Structures are given as C-alpha cells and as structure tokens.
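Structure record follows, encoded as structure tokens.
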There are 2 protein chains.
Amino acid sequence: MEKKLRTKDKILQASIALFNEVGERQVTTNHIAAHLGISPGNLYYHFRNKEDIVRQIFKEYAKLLETRIKPPAAEAEALDALAEYLDVVFELMWRFHFFYANLPDILARDRALQQDYARVQQGVLERVVSVLKALKAKAVIEIADEDIADFAHSIKLLVTFWISYLKTQAPDSPINQASVYQGVLKVLLLFKPYATAQARPRITKLQQHYAQLAMTEQTS
Amino acid sequence: MEKKLRTKDKILQASIALFNEVGERQVTTNHIAAHLGISPGNLYYHFRNKEDIVRQIFKEYAKLLETRIKPPAAEAEALDALAEYLDVVFELMWRFHFFYANLPDILARDRALQQDYARVQQGVLERVVSVLKALKAKAVIEIADEDIADFAHSIKLLVTFWISYLKTQAPDSPINQASVYQGVLKVLLLFKPYATAQARPRITKLQQHYAQLAMTEQTS
DNA sequence: GTCTATATTCCGATAGAC
DNA sequence: GTCTATCGGAATATAGAC
C-alpha cells in the first residue's frame with residue numbers, strides 16, 4: 001500500500017546499489033546524495049553518518065535471513081533442507097554482496113555493527129551444526145561428532161569469503177549472480193567425501209542442479 | 001656485514017610492524033614517519049607513496065615464499081612434504097598477517113599489486129595441486145582427478161582467509177601466532193575425510209603435532 | 001524536509017633550505 | 001638524506017535559510 005518510498009528508504013536502496021556496484025569503501029555520503037539528486041545536508045538529516053546507513057542495511061539483511069530460513073519440517077529430507085538453506089544464504093549474499101566483498105574492513109570500522117554481526121553469526125553457526133547433525137542422523141554423511149563444529153566453521157568460512165576469494169582471483173571481472181552460485185558447488189564438494197555410498201548419487205544430483213544455475217557465465 | 005639499516009629498510013620494517021599491529025588501512029605515511037621520528041618529507045624521499053611501500057613489502061614476502069619452499073625430495077614422504085609446506089605458508093602468513101587481514105581491500109587499491117599477487121597465487125595453486133597429486137599417488141588420500149583442482153581452490157581459500165575469519169569471529173582479541181596455527185588444523189580437517197584407512201593414523205599424528213603449536217592460547 | 005554554504009580535519013604530496 | 005613549511009583535495013558534518 002505504500003508505493004512511495006520515503007527519502008530515507010530511497011537512500012538505503014541507492015546505497016545498497018552503489019555499494020554493490022563500486023564497493024562500500026569507495027562510496028561516500030556525497031556520492032550517495034549526488035546519485036539521488038539530493039543535497040548532502042538532506043542525507044545527514046536522515047542518517048547520522050555512513051556507518052548509520054550500513055548498520056541499517058545490515059539490520060535489513062539480518063531480518064531477511066531470519067524470515068526466509070524456516071525451520072525444516074521434521075519429515076523433510078535432510079538434503080532438501082540443506083539445499084533450501086544454501087539457496088537462501090547465497091541469494092541474500094548476492095543481494096548484499098558488497099558486505100561480503102570487504103567484511104573485515106567494514107566490521108573494523110564499526111563496533112556496534114561488529115556486535116550485531118557476531119550475534120547473527122552465532123545463530124548461523126548453530127543452524128549449520130543442526131543441519132550437519134540431521135544429515136548424519138539420516139545417514140547422508142558420516143562424520144565424527146567431535147569434528148562437526150570444526151567442519152561447520154570451515155563451511156561458514158568458505159561461504160563467508162567466497163566473494164572475497166572471487167575478487168582476489170579475478171579483480172577485474174565483476175561479480176555476478178552465476179559466479180556467486182559457484183560457491184554453492186564448492187560447499188557441496190566439501191560435503192562429498194563425507195557422503196555415505198547411498199547418499200552420493202543424490203549429492204551428485206544436487207551438484208548438477210547448481211551447476212545449471214552457475215553456468216550462465218564463466219568465473220571459476 | 002651490514003648491521004646498520006638504511007632509512008629505507010627502517011621504513012619497511014616499521015611499516016610491517018605498524019600494519020600488523022593496527023591494520024594497514026589505518027596507518028598513514030604520516031604515522032609511519034612519526035613512529036620512526038623522521039619527517040614525512042623524508043619518507044617521501046624514499047618511497048613515492050604508501051602503495052609503493054606495500055608493494056615492496058609484498059615483493060619481500062613473495063621472495064621469502066619462493067626461497068623457503070623447496071621442491072620436495074622425490075623420496076620424501078608425501079605427508080612430510082605437506083607438513084613442511086604448511087609450516088612455511090603459515091609462518092610467513094603470520095609475519096605478514098596485515099596483508100591477509102584485509103586482502104580484497106588492499107588489492108582493490110593497487111592494480112600493480114593485483115597482478116603481482118595473481119602471479120604468485122598461480123604458482124601457489126600449482127604447488128597445492130602437485131602436493132595433492134603426490135598424496136594421491138602414495139595412497140594417502142583418495143580423490144577423483146576431476147575434483148583435485150576444486151579441492152585445491154577450497155584449501156587455498158581456507159588458508160587465505162583464515163585470518164580474516166578470525167577477525168570477524170573475535171574482532172577484539174588480537175591475532176597471535178597460536179591462533180594462526182589453528183588454521184593448519186582446519187586444513188588438516190579438510191583432508192581427513194579423503195584419507196585412506198592406512199593413512200588416517202598418520203594424519204591424526206600430524207593433527208596432534210599442530211594442536212600443540214596452536215595450544216598456547218585459546219582462539220577457536 | 002530540503003537546500004546552500006561552510007567549517008573542520010586529515011591525508012597525500014611537493015618545494016626548497018640545510 | 002633530511003627537515004620545515006605548506007598546498008591542494010576530499011570527506012565529514014553542521015548551521016541556518018527556505
């Protein structure tokens with residue numbers, strides 16, 4: 001019912017677009033204002049500073065993450081739950097990829113954001129662990145209980161820095177949605193050696209599914 | 001024979017220390033000069049700008065990397081070659097950890113450094129692949145040939161962003177050498193599910209070895 | 001809510017004396 | 001080789017009119 005974006009929302013939306021396009025660090029409040037055709041003073045009427053903008057964007061991201069990840073139905077296939085999870089995580093990562101393109105730098109400049117991020121990540125870790133345990137319970141993977149937490153961290157690291165890795169490998173070619181989805185394939189490869197013989201063909205099937213999504217463009 | 005450091009070398013050494021301590025982005029040419037008790041003008045006599053300093057530091061790093069990694073003796077144990085490799089990589093990573101703490105940002109600001117980094121990484125990737133092939137040939141791990149390159153990328157990603165990951169997880173507690181060595185353990189965990197039954201105990205032994213090194217302080 | 005104008009701060013970099 | 005002095009540039013942020 002609210003078709004009109006208030007200036008505040010326009011600033012947030014334009015900031016996301018600019019950040020994704022040219023990098024958060026390169027975009028100043030002046031750029032954002034100029035891009036929208038408003039004055040810097042106006043922008044500072046709505047936000048205290050750039051940190052404030054980034055913080056609110058992250059809040060929006062975190063809210064989407066929570067909303068979109070439904071607890072898997074008890075009777076659901078464990079592998080389907082994994083796929084659904086990867087879909088949500090990577091889709092949101094694409095929409096806010098500026099954040100992941102320079103995570104340590106962005107966090108280093110804002111303690112409040114740091115706290116917020118840590119809180120969200122704690123939830124993510126628990127989520128990943130529970131997915132791993134479900135996969136083990138359903139005999140999809142075989143893994144020692146004591147290794148689960150470490151493995152979860154490795155997965156999280158891979159996901160978190162996939163975009164950064166792409167940028168270091170090919171800094172010139174811009175990130176696109178297909179290249180982001182190649183990260184899913186890397187995650188699946190991490191799972192593969194843990195897979196039980198019976199589950200392997202189903203993982204292969206998942207791989208093919210995501211290979212499709214990732215094939216639009218060459219990046220790896 | 002040359003005990004005295006020339007000003008140029010003192011600048012490089014002080015820069016590395018400051019960068020590691022407070023982050024490359026936060027350190028300006030003024031800070032470096034002030035830290036050494038010399039004038040900014042003097043610094044600019046020796047270096048064109050900060051990029052120039054970072055570039056020369058990277059050159060030094062790359063040279064050390066090449067020098068210290070000897071091609072493994074043909075008769076050597078494949079696992080020993082892996083351990084030696086990990087030792088060198090992580091030790092140098094520790095000495096230059098400012099670089100890895102903000103890699104995408106640093107590279108984004110300097111195309112020449114980008115090229116240099118890409119060149120070095122190409123060599124690293126080939127090296128990792130050859131270690132993996134040796135491990136496979138000696139029946140230490142079991143892996144499909146088609147998966148080797150992808151797996152090598154995953155290892156490289158994990159290693160490259162291990163320090164960044166630490167910083168996002170606990171931005172307050174400073175990085176130390178022990179926490180860096182926990183990255184080695186994460187790498188070994190990646191290998192574990194690929195290990196053949198006969199090799200598993202030797203990998204466990206390696207894990208214990210690095211667990212010792214990583215135990216000085218808690219970080220994970 | 002929005003604009004114009006401006007104050008401040010800080011960094012990068014150079015000129016010229018010693 | 002080193003210093004002092006300084007300028008230009010850019011970004012942050014605010015004051016005050018409309």
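Quick note on labels: first sequence line is chain A, next is B, and so on, each numbered from 1. As the structure is a prediction and not an experimental result, all values here were calculated from the model.
Distance B:Asp9 CG to D:dG1 C1': 15 Å, rounded to the nearest Å. The CZ-P distance, from A:Arg6 to C:dT2, rounds to 11 Å in whole Å. Between A:Phe47 atom CZ and C:dT2 atom C1' there is a gap of 15 Å when expressed in whole angstrom units. Atom-to-atom, NE2 of A:His31 to C1' of D:dT12 comes out at 13 Å; the value is rounded to the nearest Å. The distance between atom CG of A:Leu36 and atom C1' of C:dT2, rounded to the nearest whole Å, is 13 Å. Counting to the nearest Å, the C1' atom of C:dT4 and the CG atom of A:Leu43 are 16 Å from each other. Rounded to an integer number of Å, the gap from CD of B:Glu51 to C1' of C:dG12 is 11 Å.
Within 4.0 Å (heavy atoms only), B:Thr28 reaches sugar-phosphate atoms of the nucleic acid but no base atom.
Not counting sequence neighbours, A:Tyr45 has no partner by the side-chain hydrogen bond (donor to acceptor under 3.5 Å, both in side chains) test. Residues passing the side-chain hydrogen bond (donor to acceptor under 3.5 Å, both in side chains) test with A:Asp105 are A:Arg25, A:Arg109, sequence neighbours excluded.
Figure legend: cation-pi geometry between A:Lys156 and B:Tyr165 absent, as NZ or CZ is not positioned both under 6.0 Å from the six-membered ring centre and within 45° of its axis.
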Worksheet, complete the sentence: The contact string for nucleotides 13-18 of chain C, one letter per nucleotide 5' to 3', using protein heavy atoms under 4.0 Å with B, S and - for base, sugar-phosphate only and none, comes out as BB----
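Aromatic ring pairs are classed by plane angle as parallel below 30°, tilted from 30° to 60° and perpendicular above 60°; the pair A:Phe151 and A:Phe191 is perpendicular.
With B:Tyr61 as the partner, the ring-ring contact (aromatic ring centres under 6.0 Å, His included) test is satisfied by one option alone out of B:Tyr117, B:Trp94, B:Phe96: B:Phe96.
The phosphate of D:dG1 has neither OP1 nor OP2 within less than 4.0 Å of any side-chain N or O from B:Asn42.
Checked for salt-bridge contact, A:Arg55 and A:Asp110 meet the test: a charged N lies under 4.0 Å from a carboxylate O.
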